[in-house]
A.B. asks: 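Provided herewith is a single structure, encoded as structure tokens, for subsequent inquiry.
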Amino acid sequence: MAAKEKYFYEPRPEQFDNYGVAYTTYGIFLNRDGEMIPVQHDVTLQAGEAERICCLLNKHELDLEQAKYVIEDCVVEEYLV
């Protein structure tokens, strides 16, 4: 039986510009052997919220596809409900 691939998610600050207004937001990235692979950009303006989401993803060892759904659900829960 093949070993299950390990996933480790990390929040990363990202710089954006919207109509001349610069701001920092946090995206979720997959750390695969030191290579940072973007999972979702512009998730939240709050570093703590991005960290909370990454902890949730890592705790449950979610694969990349599942992680995308969980991030979406967290954003909807936080901002739209």
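This one's a predicted model, so the numbers in the text were calculated from it and none came from an experiment.
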A.B. asks: To the nearest 0.5 angstrom, please state how far the CG atom of Leu57 sits from the CG atom of Asp63.
C.D. replies: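 Those atoms lie 10.5 Å apart.
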A.B. asks: Nearest 0.5 Å, please: how far is OH in Tyr26 from CD in Glu49?
C.D. replies: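 Glu49 CD to Tyr26 OH: 12.5 Å, rounded to 0.5 Å.
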A.B. asks: Examine Val76 and Leu45 and state if one hydrophobic cluster contains both, with Ile, Leu, Val, Met, Phe, Trp and Tyr joined whenever side-chain heavy atoms are less than 4.5 Å apart.
C.D. replies: no
A.B. asks: Could you walk me through whether Val39 and Leu64 pass the side-chain contact (heavy atoms from CB on, under 4.5 Å) test, one step at a time?
C.D. replies: CA-CA 7 Å; Val39 177; Leu64 188 56; 3.5 Å; yes
A.B. asks: Does any N or O in the side chain of Tyr9 come within less than 3.5 Å of the main-chain N or O of Leu62, such that one atom is a donor and the other an acceptor?
C.D. replies: yes
A.B. asks: Considering residues at least two apart in sequence or located in another chain, which fulfil the side-chain contact (heavy atoms from CB on, under 4.5 Å) criterion with Glu14?
C.D. replies: Phe16, Thr25, Phe29, His41
A.B. asks: side-chain contact (heavy atoms from CB on, under 4.5 Å) between Phe8 and Lys6: does it pass, once the steps are laid out?
C.D. replies: CA-CA 7 Å; Phe8 186 72; Lys6 293 282 185 176; over 6 Å; no
A.B. asks: Under the criterion side-chain contact (heavy atoms from CB on, under 4.5 Å), I'd like the reasoning laid out for Met36 against Leu30: C-alpha separation, chi angles, the key distance, then a yes or no.
C.D. replies: CA-CA 6 Å; Met36 299 306 289; Leu30 173 62; over 6 Å; no
A.B. asks: For the residue pair Asp42 and Tyr23, what are the closest heavy atoms and their distance?
C.D. replies: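 That would be OD2-OH, 3.6 Å.
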A.B. asks: What are the two closest heavy atoms between Ala50 and Pro11, and how far apart are they?
C.D. replies: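 Result for this residue pair: CB-CB, 3.6 Å.
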A.B. asks: To the nearest 0.5 Å, what is the distance between OG1 (Thr44) and CD1 (Ile28)?
C.D. replies: 8.5 Å
A.B. asks: Spell out, as yes or no, whether a donor-acceptor pair under 3.5 Å connects the side chain of Glu35 to the backbone of Arg32.
C.D. replies: no
A.B. asks: Do Val43 and Ile37 belong together in a cluster built from hydrophobic side chains that touch within less than 4.5 Å?
C.D. replies: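 Val43 clusters together with Ile37.
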A.B. asks: What distance separates Lys59 NZ from Cys54 SG, expressed to the nearest 0.5 Å?
C.D. replies: 15.0 Å
